[in-house]
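Worth knowing before you read on, the calculation uses all heavy atoms, side chains too, and leaves out hydrogens, waters and symmetry mates. Order of the sequence lines sets the chain letters (A, B, ...), proteins ahead of strands, with each chain counted from 1.
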There are 2 protein chains.
Amino acid sequence: MGITKTQIFTERQNDLAQFFKVLGHPARVAILQYISNQNACICNDLVEEIGLAQATISQHLKELKSIGLLNGEIEGKSMNYCINVERWTAIQNELNLFFNTTKSNCC
Amino acid sequence: MGITKTQIFTERQNDLAQFFKVLGHPARVAILQYISNQNACICNDLVEEIGLAQATISQHLKELKSIGLLNGEIEGKSMNYCINVERWTAIQNELNLFFNTTKSNCC
DNA sequence: ACTTATTATCGTAATATTGCAATATATAAA
DNA sequence: TTTATATATTGCAATATTACGATAATAAGT
């Protein structure tokens, strides 16, 4: 037990859950907000800004990258992470589709 | 370690993350979709429909209730869970606000 | 080549989540 | 009141996540 039974759900259900899950941590929400405000970022800034260890920030960035939300560009000896706006919008649309088609009133 | 450092984030960041997190499991996505299609549901249906044990379904329903997404009405000896459309829409709006204000292009 | 600065990865401890059997609770029907 | 049915709760095992120190990898400047 303890393992999510991915195989009993549809691919779409798993995908939707995955998007939600990646966004479901306050550090990742904060990272996205910060990057958006700065219009760029280097990971080192984030460590100071967010207040988590560098290794932890790096791990969160990796998860955001895993669903394509962030693009990382090497800029000299630092990394420039930025939001992949196309992907961002695509995921927003997916989630809205879910919200709009899963809304029924019975009682 | 291992504990999320809630106190270093804003209330809004924690709330947003909590909404995302609750939706971040395929069983809960599937439950919402099923309830929406049926316009009602009793938990027993869900056990057969989703394919998880009754105790597990009950736990997932509890989490969905925890952010106000589901209303449960006792109907005879069974429960009638339905989507709280007002809350549903409110959360959708919150998430869209986040998506719309956290979208910047730099590279 | 050496040093410095930045980010990634590894290993590990603490905590959280998932899932289920067993049990408790509650209501309806007999 | 007993029995059957439906849902909730408890306890526990397996797995996942979070966080961080230590260390590796990479690139720039000296």
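Atoms CD (A:Glu75) and C1' (D:dA28) sit 13 Å apart, rounded to a whole Å. Taking atom CD of A:Glu48 as the reference point, atom P of C:dA5 lies 13 Å away to the nearest angstrom. Per the geometry, CG belonging to A:Leu61 stands 14 Å off P belonging to D:dC20, to the nearest Å. The CD-P distance, from A:Gln7 to C:dT18, rounds to 15 Å in whole Å. Following rounding to the nearest Å, A:Ile57 (CD1) and D:dT18 (P) show an atom-to-atom distance of 12 Å. As a whole-Å value, the separation of B:Asn80 CG from C:dT27 C1' is 15 Å. The CD atom of B:Gln59 sits 14 Å away from the C1' atom of D:dA14 (whole-angstrom rounding). In this entry the distance linking CZ of B:Phe9 with C1' of D:dT18 reads 11 Å, nearest Å.
Each of B:Gly76 and B:Gly51 has a nearest nucleotide on DNA chain C; the 5'-most of these lies closest to B:Gly51. Nucleotides of DNA chain D nearest to B:Ser58 and A:His60 differ in position, and the one nearer the 5' end is that of B:Ser58.
Relative to the side chain of A:Thr4, the nucleotides D:dA6, C:dT18, C:dT9 differ in distance, and C:dT18 lies closest. With C:dA8, D:dA8, C:dT18 as the candidates, the nucleotide lying closest to the side chain of A:Gln54 is C:dA8. You'll find that the side chain of A:Ala53 is closest to D:dC20, out of C:dT18, C:dT7, D:dC20. Closest to the side chain of A:Ile3, from the set D:dT15, C:dT6, C:dG19, is D:dT15. The side chain of B:Thr56 has C:dC20 as its nearest neighbour among C:dC20, C:dA8, C:dT18. Looking at the side chain of B:Lys77, the nearest of the listed nucleotides C:dT18, C:dT6, D:dT5 is D:dT5.
Ring geometry for B:Phe9 against A:His25 counts as perpendicular: the plane angle is over 60°, on a 0 to 90° scale with 30° as the lower cut. Relative orientation of the A:Phe99 and A:Phe20 rings is perpendicular, given thresholds of 30° and 60° on the angle between their planes.
For the OP1/OP2 pair of C:dA16 and a distance below 4.0 Å, the side-chain nitrogens and oxygens of B:Lys21 include no atom meeting the criterion. Under 4.0 angstrom from either OP1 or OP2 of D:dA8 there lies at least one side-chain N or O belonging to B:Lys65. Of the side-chain N and O atoms in B:Tyr81, one or more sit less than 4.0 angstrom from OP1 or OP2 of D:dA8. Under 4.0 angstrom from either OP1 or OP2 of D:dT5 there lies no side-chain N or O belonging to B:Asn44. For B:Lys5 and D:dC20, the shortest distance from a side-chain N or O to OP1 or OP2 is below 4.0 Å.
Contacts of A:Ile42 with the nucleic acid, taken as non-hydrogen atoms under 4.0 Å apart, involve only primed sugar atoms and P, OP1 or OP2. Across all strands shown, A:Leu52 has heavy atoms under 4.0 Å from sugar-phosphate atoms exclusively, and none from any base. Note on A:Glu63: only backbone sugar-phosphate atoms sit closer than 4.0 angstrom, heavy atoms only; bases stay farther off. Residue contacts for A:Ser78: at a heavy-atom cut-off of 4.0 Å it reaches the sugar-phosphate backbone alone, with no base atom in range.
Between B:Trp88 and A:Phe98, the gap from one ring centroid to the other is short of 6.0 Å.
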For this session: Could you give me the CA-CA distance, side-chain angles and deciding distance for A:Asn96 and B:Gln92, then say whether side-chain hydrogen bond (donor to acceptor under 3.5 Å, both in side chains) is met?
Result: CA-CA 7 Å; A:Asn96 270 314; B:Gln92 180 178 15; 2.8 Å; yes
Exercise. Passes side-chain contact (heavy atoms from CB on, under 4.5 Å), B:Leu46 versus B:Tyr81? Steps please.
Worked result: CA-CA 11 Å; B:Leu46 285 168; B:Tyr81 279 110; 5.8 Å; no
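Under a 4.0 Å N-O distance rule, the pair B:Glu94/B:Arg12 qualifies as a salt bridge.
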